[in-house]
Every structure is written in structure tokens, then in C-alpha cells.
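Hydrogens, waters and symmetry mates are skipped; everything else that's a heavy atom, side chains included, is used. Predicted, not measured: the structure shown is a model, and the values here were computed from it.
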Amino acid sequence: MLKLIGSVLLMGGASAMGFSAAAHLRTRVRCLRSFAAAVEYMERELSFRLTPTPALLRDLTDTAFAPANRFFAHCSGKLSELGEKPLNILWRQALEKSGLPLEQDEMRTLFELGEIIGRYDGDGQCEALSRARDRLEGFVKCALEEQYRLEKVYRALGLSSGAFLLLVLL
């Protein structure tokens, strides 16, 4: 009986690791899509309505999809410190605290965007937002390809490694 319970736990643990890796791929794609949509919204708001940056961050808290909305909620919550710290520092701190499942290049794009938001004129910000949106959409495309290519592999690898360990230990 104890052997059976151990076997089930071993198989379940290995399978869970594979399914967790596959879920990470899906989460990364969802995160990149939410930021690409948020950046597009920012671009439209700045070019057509000239919305001030603090109001724009508050709007994105309500309108952006998760997990980007949590990031913007953290940013807008820190706006009371705006006189003490510049917006780019608040932006960077919010990105670091949000624990986004993004790779280094993707995070760098968001960090660079924080250096420009609220600092330059509307045309300069719109141009930077357009470039950032294009890069994020490129990252979405690459992440989707990676997801399609590796998601089933991770699941199968988790199941097969569990089965292999089970056979070795029995």
C-alpha cells in the first residue's frame, strides 16, 4: 500500500512539473498580450485625447487585462510619491514588484518605456509607445510559437519522466 501511494505521488509530482512548465508558457503569452493592448490604449489616449499620465495610469488599472492591470494599479498607487521620485523610478519599482513571467528582453522593453512615459511631448511619447507596441507584438508572436512548439513537449516530458522514475524505482 505504501509503495502504491509513493508511486502515485512520484507520478503526480513529475506530471505536475511538466504541466506547470506548460502553464508558464501560456501565462507569458497572456502577459505579453495584455501589455501590448495596454500600450496600444496608451498610444491612442495620448495621441487623440492628450490624457495626462497619472489619469492614464488610473484608467489602465480598470481597462487593462490581467496581469498588466495589476502593474498599472501598483503604478497609480505610487503616484502620491511622484514629487519625491520621478515616474521612471516608480515604473521600474512596479515592474520589479509585479513578478511578471517575462524574459529579459521583454522586461527591458517595458523598462525603456518607463523612461519615456511622462517625460517627453505627446508626439515623442506616441512614437515610443508605437515602437514598444511593435516590439511587444513581436514578442507575442515568438512566445506563441514557443508555446505551440513546447507546450505538449513539457506535458509529455512530465508524464514520461514520472513513468520512467516509477519503473526505475519499482
Distance from [X] atom [atom1] to [Y] atom [atom2], nearest 0.5 Å?
{"X": "R33", "Y": "R30", "atom1": "CZ", "atom2": "CZ", "answer": "10.0 Å"}
{"X": "L57", "Y": "I117", "atom1": "CG", "atom2": "CD1", "answer": "8.0 Å"}
{"X": "T27", "Y": "L100", "atom1": "OG1", "atom2": "CG", "answer": "11.0 Å"}
{"X": "T109", "Y": "D134", "atom1": "OG1", "atom2": "CG", "answer": "11.0 Å"}
{"X": "S130", "Y": "R135", "atom1": "OG", "atom2": "CZ", "answer": "12.5 Å"}
{"X": "L10", "Y": "I5", "atom1": "CG", "atom2": "CD1", "answer": "13.5 Å"}

Practice item. Sort and list the pairs that fulfil ring-ring contact (aromatic ring centres under 6.0 Å, His included) and have at least one residue in residues 37-65, not counting sequence neighbours. Key: none
Exercise for review: Can you sort out the partners of F71 under ring pair (Phe, Tyr, Trp, His ring centres under 6.0 Å), two or more places apart, ordered by chain and number?
Suggested key: F35, W91
Point to revise | side chain to side chain contact (heavy atoms under 4.5 Å, CB included) assessment of Q147 paired with Y154 | key: CA-CA 10 Å; Q147 178 188 355; Y154 286 156; over 6 Å; no
Exercise for review: Just do the side chain to side chain contact (heavy atoms under 4.5 Å, CB included) check on L102 and C31 with the steps written out, would you?
Suggested key: CA-CA 8 Å; L102 301 177; C31 182; 3.7 Å; yes
Shared hydrophobic cluster for [X] and [Y] (ILVMFWY, side-chain gaps under 4.5 Å):
{"X": "L144", "Y": "V153", "answer": "no"}
{"X": "L87", "Y": "F111", "answer": "yes"}
{"X": "L46", "Y": "L60", "answer": "yes"}
{"X": "L56", "Y": "F72", "answer": "yes"}

Study note, to complete from the structure: By side chain to side chain donor-acceptor pair (under 3.5 Å), Q125 pairs with (sequence neighbours left out) none
Exercise for review: Could you list the residues that satisfy side chain to side chain donor-acceptor pair (under 3.5 Å) with E96, not counting sequence neighbours?
Suggested key: none
Apply salt bridge (Lys or Arg N to Asp or Glu O under 4.0 Å) to [X] and list each qualifying residue two or more places apart in sequence or on a separate chain.
{"X": "R149", "result": "none"}
{"X": "K152", "result": "none"}
{"X": "R133", "result": "E43, E137"}

Practice item. For residues G114 and N88, report the shortest heavy-atom separation together with the two atoms involved. Key: O-CB, 3.3 Å
Check your understanding: What are the two closest non-hydrogen atoms of I116 and G124, and how far apart are they?
Key -> CG2-O, 4.4 Å
Check your understanding: Could you give all pairs that pass the salt bridge (Lys or Arg N to Asp or Glu O under 4.0 Å) test and reach residues 6-18, with sequence neighbours left out?
Key -> none
Point to revise | salt bridge (Lys or Arg N to Asp or Glu O under 4.0 Å) pairs, two or more places apart, involving residues 9-23 | key: none
Check your understanding: Tell me, which pairs form a side-chain hydrogen bond (donor to acceptor under 3.5 Å, both in side chains) where one or both residues lie in residues 58-69, sequence neighbours left out?
Key -> T61-S76
Point to revise | side-chain hydrogen bond (donor to acceptor under 3.5 Å, both in side chains) pairs, two or more places apart, involving residues 97-108 | key: R28-E106, D105-R108
Practice item. State whether E146 and K141 are salt-bridged, where the test is any N-O pair (Lys NZ or Arg NE/NH1/NH2 against Asp/Glu carboxylate O) under 4.0 Å. Key: no
**Study point:** Within 6.0 Å of OH in Y148, more than 12 heavy atoms from elsewhere
**Key:** no
Point to revise | Flag if over 12 foreign heavy atoms under 6.0 Å of CE, M11 | key: yes
Practice item. Report the C-alpha distance between K78 and E81 in whole Å, list the side-chain angles of each, state the deciding distance to 0.1 Å, and finish with yes or no for side chain to side chain contact (heavy atoms under 4.5 Å, CB included). Key: CA-CA 6 Å; K78 293 287 187 175; E81 301 175 18; 3.5 Å; yes
Tabulate below the donor-acceptor pairs under 3.5 Å that side-chain atoms of residues 155-170 make, not counting sequence neighbours, or state none.
unit_1	atom_1	unit_2	atom_2	d
R155	NH2	E151	OE2	2.9
S160	OG	A156	O	2.8
S160	OG	L157	O	3.3
S161	OG	L157	O	2.9
S161	OG	G158	O	3.1

